[in-house]
Each structure stands twice: as C-alpha cells, then as structure tokens.
Amino acid sequence: MNLFELKEVARRLGLPAFAGGQMAKWLYTQHIDSIDDMTNISKANRERLKEAYTVGAMPPSDCQESKDGTKKYLFPVRTVSPLTDQSVMRFVETVYIPDDGRATLCVSCQVGCKMNCLFCQTGKQGFEGNLTTADILNQVYSLPERDKLTNIVFMGQGEPMDNIDHVMRATEILTADYGYAWSPKRITVSSVGIKNKLKRFLDESNCHVAISMHSALPEQRAELMPAEKGMGIKETVDLLRNYDFTHQRRLSFEYIVFGGLNDTLNHAKAIVGLLKGIECRINLIRFHQIPGVPLHGADDAKMEQFRDYLTQHGVFTTIRASRGQDIYAACGLLSTAKKNQLQ
C-alpha cells in the first residue's frame, strides 16, 4: 500500500490520522514482519489491524549460489490463474548479483511471460499470471541481502509493461519519501516495447529505461521477438526521441549477440542508423543456450569487434559480464515452470 492507502486504513479503523505514516515507516523503513512489531501503535489498535490485514512478507523458499557469488532465490507468490480465474500459489525467481561494491537485484514481475521471445526460457514457460505490487516488493522486502542493495533491475521473469499498474506502484513505493526513498537512478525497468504502456511509463516515472532490441532489422526482430509486430523497434525509438536522456535518466538497449545471425557489419550499421542522435548506450549480452532453440552465441572476438564498431561510430557500447550461468540465473534462463507444475 502507498501512504494514501495506509492513511485510509487508519481512517476506516478509527485510528489516529498519523497512524498511516507510522505504518509506512514500520513497513518501508523498519521492514517489520508482524503488525505486533508496530510498537508505537497501541495494542488495541494493533489487534484491530490484525483482524483485517497482515504484513504479507514471505521469505524465499530456496536459494542457489553460483561459483561467482550470484544468488538465485525462489519466492512464493499468489497469482490469479488466467485459465481458471482462481488464486493459486506459484513461484518466481529473483537474482542477487554482488559486484565490486555494487549489489544489483534482478526482480520478476510476472509468472512466466506472454512475449514468447525465441531465445528466452521464461517465454517457453508461457504466462501464468501477474505479480501483485506486494509480490514484486516482497522480492526486495524479504531478501536476506536487502540492506546491501545498490540497484534494482526489472529484468527477471515477465514483461514489466504487460503488468504496468503493479510495476508502477512498486517503483512509486521504492522511490517515495514515505517508502524506500531510493533515487530513481538506482532502478532500471526493461521492456520489449508495448504500445501506449511504454509511453505511460516514460511520462509517469523517472526510472532508467532498458529496451530489448536484439536486432535493428524489423523483419529479423519479428522472428526473434513476436512483440515487434505490436510495437516495432523503429516506432519504439521514435517514441523515445521525445524524452530527455541527457541528464539523470538513462536509456539503454539490450542486445543478445547470436553467432552468424545478428553480429554482422550490416547489423552494426543498422543500429548506428536507428539510434542516430539519441543519447543512449548498448549492452551486448552473451547468449545462453536453452533447449530446443537453434541459436548459438557469438565468440568473444566477434562481440569485441561489434562493440568497437558501435563505439567508434558514436554509440557507447559495453559487453555485459555473464553472471550465474551455472545455476541458470543468467539472462534468458529464468523459469519456474517445473516448480509451478508441482503445486
């Protein structure tokens, strides 16, 4: 709940008007696990709160640790099944990535995903439901390393713009003075590009934006990413040109490099032409093989050549380090299909 809603809870239960602010502090500053821990609220009023509400924090049910220090957590979530319209218990994966004084959390926003990108294991899972704001925030709230976090990226399971209401509420609470009070500069939200919803996010949020590109050639991108047919990469870039990314807010494009497919000089030239005049960066990502997909990654020399061409032609480009591949925590590998089927 946001501050306004917490104040409404206080009003409905006949609590003092300032109790909403007290609850916000207990939840988002103190990170309590139980309403009983709200010790500056009278015991009688705590009992009234407990009759109608819970804190809702759920610890992870499993953790795997990579040899590089990356940790993949399995969080239980309660979603409404798109098939039965009933509430069901599911799981999502969240990845904690420590790195030289930084600690990034890759959070999920959906169980599975509708986008069905060819190269993504999450897409093969299918769509099993949206996460609520509480389930998104719980990945931060109940993380053992919560106090070490420096950044959050919405790049886990699901397409953030396909669950925009709950993603926007989560980022509001993360950045609000009454909430976690994080700078929007510490949060990056990714998207394949969803018509109207991406514009809403750009208009209403100051968080960083990361666009999944993977090819600057529309026909090829459509083969890799069906979402190209809904909002193409050219339309997406044209929309982005209307916003200022020269100051605090950053725009990046994610580009998985497939050997012999999207790593040629023509592909690099297409990127330069598409992004001409727009302040941004490209993150080149190594492809991680998934079953049944006839794609393979480019070698290091090809990726470095691709990076150097883009940088020399005015597009700042980096090669993202691959983390957590041995525990299937790297980009494109998250999936809880088997775990969800066991429920």
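Here the structure is a predicted model, which means the values were calculated and not measured.
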Regarding [X] and [Y], do their side chains bring together a donor and an acceptor under 3.5 Å, going by distance alone?
{"X": "Thr132", "Y": "His166", "result": "no"}
{"X": "Glu159", "Y": "Ser191", "result": "yes"}
{"X": "Ser215", "Y": "His267", "result": "no"}
{"X": "Asn206", "Y": "Gln248", "result": "no"}
{"X": "Asp68", "Y": "Ser66", "result": "yes"}

Partners of Tyr178 by ring-ring contact (aromatic ring centres under 6.0 Å, His included), sequence neighbours excluded?
none
Aromatic rings Phe245 and Tyr243: how do their planes relate, parallel, tilted or perpendicular, breaks at 30° and 60°?
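Ring orientation, 0 to 90° scale: tilted.
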Taking only residues two or more places apart in sequence, or in another chain, which ones meet Glu304 in a salt bridge (Lys or Arg N to Asp or Glu O under 4.0 Å)?
none
Taking only residues two or more places apart in sequence, or in another chain, which ones meet Arg46 in a side-chain contact (heavy atoms from CB on, under 4.5 Å)?
Ile35, Asp36, Met38, Ile41, Lys43
Hey, could you give me each pair passing salt bridge (charged side-chain N to carboxylate O under 4.0 Å, His left out) that has a residue in [range]? Not counting sequence neighbours.
{"range": "residues 175-198", "value": "Lys195-Glu235"}
{"range": "residues 275-287", "value": "Arg286-Asp300"}
{"range": "residues 217-228", "value": "Arg221-Glu228"}

